[in-house]
2 protein chains.
Amino acid sequence: MVRQTTAGKGAATREVILGTACALARVNGLDGLTIGVLADAVGMSKSGVFAHFGSREDLQLAVLDTTAQRFVQQVIEPAALQPAGLPQLRAIVDRWFDWIRHERTGGGCLFTAAASEFDDQPGPVRAHLARQQARWRGYLSRVIEQAVSAGELAADTDPAQLAFEITGFAMVLHHDSGLFDYTEARMRGLRAFERLITPFIPPRNAR
Amino acid sequence: MVRQTTAGKGAATREVILGTACALARVNGLDGLTIGVLADAVGMSKSGVFAHFGSREDLQLAVLDTTAQRFVQQVIEPAALQPAGLPQLRAIVDRWFDWIRHERTGGGCLFTAAASEFDDQPGPVRAHLARQQARWRGYLSRVIEQAVSAGELAADTDPAQLAFEITGFAMVLHHDSGLFDYTEARMRGLRAFERLITPFIPPRNAR
DNA sequence: CCTACCGATCGGTAGG
DNA sequence: CCTACCGATCGGTAGG
């Protein structure tokens, strides 16, 4: 017997739909997610799916939230078990780079793809994306700041700048793994990160 | 009187259509480019537009080629006037970062957006994109290699790795300028690039 | 959660 | 380069 994490059969169905929707969106994009295809994928009628969401836009927003929850579970929470500062930053980058492309199921990072799709489409979806990305960048910056405070990175480090640069490596990894080879791109991404933080680390005799 | 750069009225019409198609694709994505909307934008019937391209896919391929021509004109050719090596690399990055987002007309980099849209859609469009990107990355790597040969960058520099990292900054610039502020993102992008090449430059007393 | 339907739009074709 | 059309699919609604 399957335990339901939320009350009611309707809510359980909604979660099944959302899980499938997230997988479809990762492959076809958030903009390419249609109610008809989603209904087919979960074996329901279009209006049956529709009943769980007020509109396609609400469905897209729900997909963004569900994906964000998974990002927290797969990237942020495990990394938070590491000591604050550089170890945590390394754990984040390692898991983030895993997240960028799901090797088995295919599909890239929904957030990165959606940012490209919606950057010129004003509305609730773009606004939601921007909020999520600003929040994540802020979190990343604070982890970097802790590494600075711990003396693991140079005192004159600009955390927001370093977060910007690491995000760049995540995005070129997304790009290259989508068009070229994932394994090589991941190696390059990790090497880029290590090279980026190495010059910051004060020499031993200065600690 | 307007000089026609190619023979025949049909070819001229085709170029007008392609120009509009490129602008539309930059805003709505290459996947969001539809023949109906394009026909409206140029004031023609759908089948009138269609007659110039065998299929929507051929239209998408033509848009990619036209955009690549413009990239060559706006980024590569002007930068090629600079001395080979680091000056040329700086000129490329400066113009590339301008290219990433067209401030007045709106819309981001078609290549970056299309890579996200088509990375999971096997077919001629994805193949064409991958070829173009590989070619551009190779060109960028050779410019970096020349800077290494000239002693402007450290001898143990991996050109492909440095090209990968610079591409990352172009992509986070694309991302941030689409969701946040272009000016700030551009500043961060340039700072990231300068910081990246600075540690490579051998100190004066070593030259 | 279903059937049955709406107007609009999709890529593409016929025939001129 | 046009009108007129094809079957399919889009987001969404009515009514149950």
Side-chain angles (χ1 to χ4, degrees), chain A residues 2 4 6-22 24-25 27-64 114 117-118 120-126 128, chain B residues 2 4 6-22 24-25 27-64 114 117-118 120-126 128:
Chain A
V2 178
Q4 292 181 8
T6 49
K9 189 178 168 189
T13 303
R14 194 187 135 103
E15 279 185 32
V16 169
I17 297 172
L18 269 178
T20 306
C22 287
L24 283 173
V27 173
N28 302 323
L30 194 59
D31 203 55
L33 177 66
T34 68
I35 296 172
V37 170
L38 176 57
D40 265 14
V42 295
M44 284 172 56
S45 69
K46 259 174 56 177
S47 62
V49 168
F50 201 91
H52 286 277
F53 309 92
S55 66
R56 188 171 93 107
E57 200 168 82
D58 283 352
L59 169 66
Q60 290 173 323
L61 293 173
V63 164
L64 280 179
E117 289 174 329
F118 287 89
D120 292 306
Q121 317 285 342
V125 176
R126 196 196 103 113
H128 202 68
Chain B
V2 179
Q4 290 182 9
T6 50
K9 188 177 167 190
T13 304
R14 194 186 134 103
E15 279 183 34
V16 170
I17 297 172
L18 270 177
T20 307
C22 287
L24 282 173
V27 173
N28 302 322
L30 194 59
D31 204 55
L33 178 66
T34 69
I35 296 172
V37 170
L38 175 57
D40 266 13
V42 294
M44 286 172 56
S45 69
K46 257 174 57 176
S47 62
V49 168
F50 201 90
H52 286 277
F53 309 91
S55 66
R56 189 171 93 107
E57 199 168 82
D58 283 351
L59 169 66
Q60 290 171 323
L61 293 174
V63 164
L64 281 179
E117 288 175 329
F118 286 89
D120 293 307
Q121 316 286 340
V125 176
R126 195 196 105 114
H128 202 67

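Chain A is the first sequence line, chain B the second, and so forth, proteins listed ahead of strands; every chain is numbered from 1. If you're wondering where the values come from, they're calculated on a predicted model, not measured in any experiment.
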Practice item. Consider the side chain of B:Met44, meaning its heavy atoms from C-beta on, and name the nucleotide among D:dT13, D:dC10, D:dC1 that approaches it most closely. Key: D:dC1
Study note, to complete from the structure: Here the distance between atom C1' of C:dG11 and atom CG of B:Leu59, to the nearest Å, is 12 Å
Practice item. Give a yes/no answer on whether the side chain of B:Thr13 brings an N or O atom under 4.0 Å of OP1 or OP2 in D:dC1. Key: yes
Practice item. Return the 5'-most residue of the pair A:Arg56, B:Val49 with respect to DNA chain D, ranking by each residue's nearest nucleotide. Key: B:Val49
Point to revise | Under 3.5 Å donor-acceptor, A:Glu117 side chain and A:Gly29 backbone | key: no
Practice item. Could you check which of D:dG12, D:dT3, D:dC1 has an atom nearest any side-chain atom of A:Ile35? Key: D:dG12
Exercise for review: Could you pull out the closest heavy-atom pair between A:Thr13 and A:His52, with the gap in Å?
Suggested key: CG2-NE2, 3.8 Å
Exercise for review: Take the protein atom CG of A:Leu38 and the nucleotide atom C1' of D:dG11, then report the distance between them rounded to whole Å.
Suggested key: 13 Å
Exercise for review: Go through the N and O atoms of the side chain of A:Ser45 and the base of C:dT3, and report whether any donor-acceptor pair is under 3.5 Å.
Suggested key: no
Check your understanding: Expressed in angstrom and rounded to an integer, what is the separation of A:Leu33 atom CG from D:dC10 atom P?
Key -> 10 Å
Practice item. Calculate the interatomic distance between A:His52 atom NE2 and D:dG12 atom P; express it in whole Å. Key: 16 Å
**Study point:** Rounded distance (Å) that lies between atom P of D:dA8 and atom CG of A:Asp40
**Key:** 14 Å
**Study point:** Complementary nucleotide for C:dC1 - Watson-Crick or wobble, under 3.5 Å
**Key:** D:dG16
Review point. Under 4.5 Å between any side-chain heavy atoms of A:Arg14 and A:Phe53, yes or no?
Key: yes
Practice item. Determine whether B:Gln121 and A:Asn28 make a side-chain contact, defined as any pair of heavy atoms from C-beta on separated by less than 4.5 Å. Key: yes
Review point. Does A:Thr34 have a side-chain nitrogen or oxygen under 4.0 Å from the phosphate oxygens OP1 or OP2 of D:dC10?
Key: yes
Exercise for review: Could you check how far CZ of B:Phe53 sits from P of C:dG12, rounded to whole Å?
Suggested key: 13 Å
Point to revise | Nearest-nucleotide pick for B:Lys46, side chain only, options being C:dG12, D:dT3, D:dC1 | key: C:dG12
Review point. Taking a pair as Watson-Crick or G-U wobble with both distances under 3.5 Å, which nucleotide is matched to C:dC10?
Key: D:dG7
Exercise for review: Send over the distance from B:Phe50 CZ to C:dG11 P, rounded to a whole Å.
Suggested key: 9 Å
Check your understanding: For A:His128 and A:Leu61, which heavy atoms make the closest approach, and how far apart are they?
Key -> CB-CD2, 3.6 Å
Practice item. Provide, to the nearest angstrom, the distance between the CD atom belonging to B:Gln60 and the C1' atom belonging to C:dG11. Key: 11 Å
